[in-house]
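Notes follow once the structure below has been shown.
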Number of protein chains: 2
Amino acid sequence: MKTVGTAVGAPPRPGLRERKKQRTRDALVRAALELIAARGYEGTTVDDITAAVEVSQRTFFRYFASKEEVAFFVTRLAESHVVDAARGRPPGEAPLEVLRRAVLDSWDTINEAVEQLVPLDLHLRVYRVIESTPALLAAHLRRASELEEELARIIAEREGLDMDADPRPRILVAAFGGVIRVAERRWSTGDDVSVAAMKEVMTTCLDHVGPALAGNWRAG
Amino acid sequence: MKTVGTAVGAPPRPGLRERKKQRTRDALVRAALELIAARGYEGTTVDDITAAVEVSQRTFFRYFASKEEVAFFVTRLAESHVVDAARGRPPGEAPLEVLRRAVLDSWDTINEAVEQLVPLDLHLRVYRVIESTPALLAAHLRRASELEEELARIIAEREGLDMDADPRPRILVAAFGGVIRVAERRWSTGDDVSVAAMKEVMTTCLDHVGPALAGNWRAG
DNA sequence: TGTGATCTGTCAGCGACTGACACTAGCCTC
DNA sequence: GAGGCTAGTGTCAGTCGCTGACAGATCACA
């Protein structure tokens, strides 16, 4: 009984108000990312962003809890895709394989979803700013640790374990997460920033974990 | 020719000025940690801290770059001990063993050094605040990642590798670091907060990594 | 069309942090 | 021991991120 004149089952087309909100939110995100990519994070004030979109500062903070949050808007999208992919893995699959496939397979849909919002190139430039800005890097790592907690929950549930009694889900995910971050960094600072390259870097990094943990590796 | 009246080779006793600085720095750290442990991080303003020590806010920021920094003063001590321990490991030892021993063996000297500055119990209470305050947790993770970078450098050097060409040092350290963080958290939230308990938690967590990464672990 | 819920802008204010300046106190030389 | 030099401190003013309170505008819906 919310709207009239729309077919049952069809997604009720949002009203004017909702669409307006969506538009200003998107405009804020785009302006923010553009400015951050160009002038850096600290070099961009919230007033700069709101001036570009012609809204008040107060409005900005009604959409985003902090200046940080807008910088991670796209990243957030990617994270939710990974979680969904992990949830969708077939039962019985080995835990590490679940994580591996969740990350690798979700990349295509991630890029597609990102493009809807901002150019992929812009996102990459912002990502590099995140990696090189202490305050943002800290926030990024905290977000990553929250994502790991979520993934650990999924693994624990799949395996029928109590996360607080058995440390293995968190351990696996923590080790995995550490490796992913190394791979992310190698990819974003490398020459080839294509999706294929990203997958390749991830794969080789993951393949190195076992051997790296096992004993002496003089035989490079 | 710096001072007169002190035997050659003896550490030149710092002048009155230097001692005064040391005293206010220590007083600020102690007051800050006490307040943070009692009222939480956000509940403690810099003005609260400086009022307790009777110095101006400006002085605080000449000693510490940020409010965060003072919260990590003790943590910082511990970190440097771990790095030193890793550097002191005998050549030829396997990389993972270097990290393991560096962390486990340095704990005794860490606690000793911490006690010089503040009661161990206070440090533990502050640590729990760090873990439960988003802003501090983020900073903590960033610091940890810097520590990992340093450890990766040490490993790479020991093994005669170029860190930027060979990802294995960073991968190993990242995986290791992830596990250590899980162990830290398990320990700090558990009942037994003794050093022995800490070592035991670390050991069991580290022993789980290999098996956790390897395939299916239904056999609990 | 009018009524009520939502969204927005303005304003005032807090807390972290910084630059500039003046003042004080330990240091060092003569 | 008086002098100047330097380093440490306090005061002040200002920026930036962020929030609560209020008032006016805008949309939804009967």
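This one's a predicted model, so the numbers in the text were calculated from it and none came from an experiment.
Between the C1' atom of D:dC12 and the CD atom of B:Gln57 lies a distance of 12 Å, rounded to the nearest Å. Remark: P of D:dG8 and CD of B:Glu54 are 21 Å apart, rounded to the nearest angstrom. The separation between B:Arg23 atom CZ and D:dT9 atom C1' is 15 Å, rounded to whole Å. The CD1-C1' distance, from A:Ile49 to D:dC16, rounds to 12 Å in whole Å. As a whole-Å value, the separation of A:Phe61 CZ from C:dC11 C1' is 16 Å.
When heavy atoms are screened at a 4.0 angstrom cut-off, B:Phe64 is found touching no nucleic acid atom at all. If you check every strand for non-hydrogen atoms under 4.0 Å, B:Phe60 touches nothing.
Legend: residues meeting salt bridge (charged side-chain N to carboxylate O under 4.0 Å, His left out) with B:Glu18, ordered by chain and number and at least two apart, are B:Lys21. In this structure B:Arg186 satisfies the side-chain hydrogen bond (donor to acceptor under 3.5 Å, both in side chains) test with no other residue, sequence neighbours excluded. Legend: residues meeting salt bridge (charged side-chain N to carboxylate O under 4.0 Å, His left out) with B:Lys67, ordered by chain and number and at least two apart, are absent. In this structure, the side-chain hydrogen bond (donor to acceptor under 3.5 Å, both in side chains) partners of A:Arg153, at least two apart in sequence or on a different chain, are A:Glu150. Remark: B:Arg125 pairs with B:Glu34, B:Ala37, B:Asp121, B:Leu122 by the side-chain contact (heavy atoms from CB on, under 4.5 Å) rule, at least two apart or across chains.
Atom CD1 of B:Ile180 and atom CG of B:Leu206 lie 5.0 Å apart (nearest 0.5 Å). The CZ atom of B:Arg101 sits 11.5 Å away from the CG atom of B:Leu96 when rounded to the nearest 0.5 Å. Going from atom CG of A:Leu77 over to atom CD1 of A:Ile110 covers 8.5 Å, rounded to the nearest 0.5 Å.
Contact record, A:Ala85 with A:Ser106: CB-CB, 4.0 Å, taken as the closest heavy-atom pair. Closest approach of B:Leu151 to B:Val83, counting heavy atoms only: CD2-CA, 4.5 Å.
In terms of phosphate contacts, B:Tyr63 brings no side-chain nitrogen or oxygen within less than 4.0 Å of OP1 or OP2 of D:dG8. For D:dC18, neither phosphate oxygen OP1 nor OP2 lies less than 4.0 angstrom from any side-chain nitrogen or oxygen of A:Lys67.
Side-chain polar atoms of B:Ser194 and B:Asp192 form a donor-acceptor pair below 3.5 angstrom.
A heavy-atom distance below 4.0 Å to DNA chain C is reached by none of the residues of residues 125-146 of chain B. Of the residues in residues 33-48 of chain B, those with a non-hydrogen atom less than 4.0 angstrom from any atom of DNA chain C are B:Thr44, B:Thr45, B:Val46.
Residue pairs meeting the ring pair (Phe, Tyr, Trp, His ring centres under 6.0 Å) criterion with at least one partner in residues 63-88 of chain A, sequence neighbours excluded, are A:Phe60-A:Phe64. Listed by first and then second residue, the ring pair (Phe, Tyr, Trp, His ring centres under 6.0 Å) pairs involving residues 23-44 of chain A amount to none (not counting sequence neighbours).
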**Message:** Return a single string for nucleotides 19-27 of chain C, one symbol per nucleotide in 5' to 3' order, where B is base contact, S is sugar-phosphate-only contact and - is none, cutoff 4.0 angstrom on heavy atoms.
**Reply:** BB----BBS
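Comparing A:Ser66 and B:Val55 by the nucleotide of DNA chain D that holds the closest heavy atom to each, the one mapping nearer the 5' end is B:Val55.
Axis deviation across the helix from C:dT1-D:dA30 to C:dC27-D:dG4 amounts to 10°, comparing end segments of five pairs, rounded to 10 degrees.
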Donor-acceptor pairs under 3.5 angstrom involving side-chain atoms of residues 132-141 of chain B: please list them, not counting sequence neighbours.
from	atom 1	to	atom 2	distance (Å)
B:Ser132	OG	B:Arg128	O	3.0
B:Ser132	OG	B:Val129	O	3.3
B:Thr133	OG1	B:Val129	O	2.8

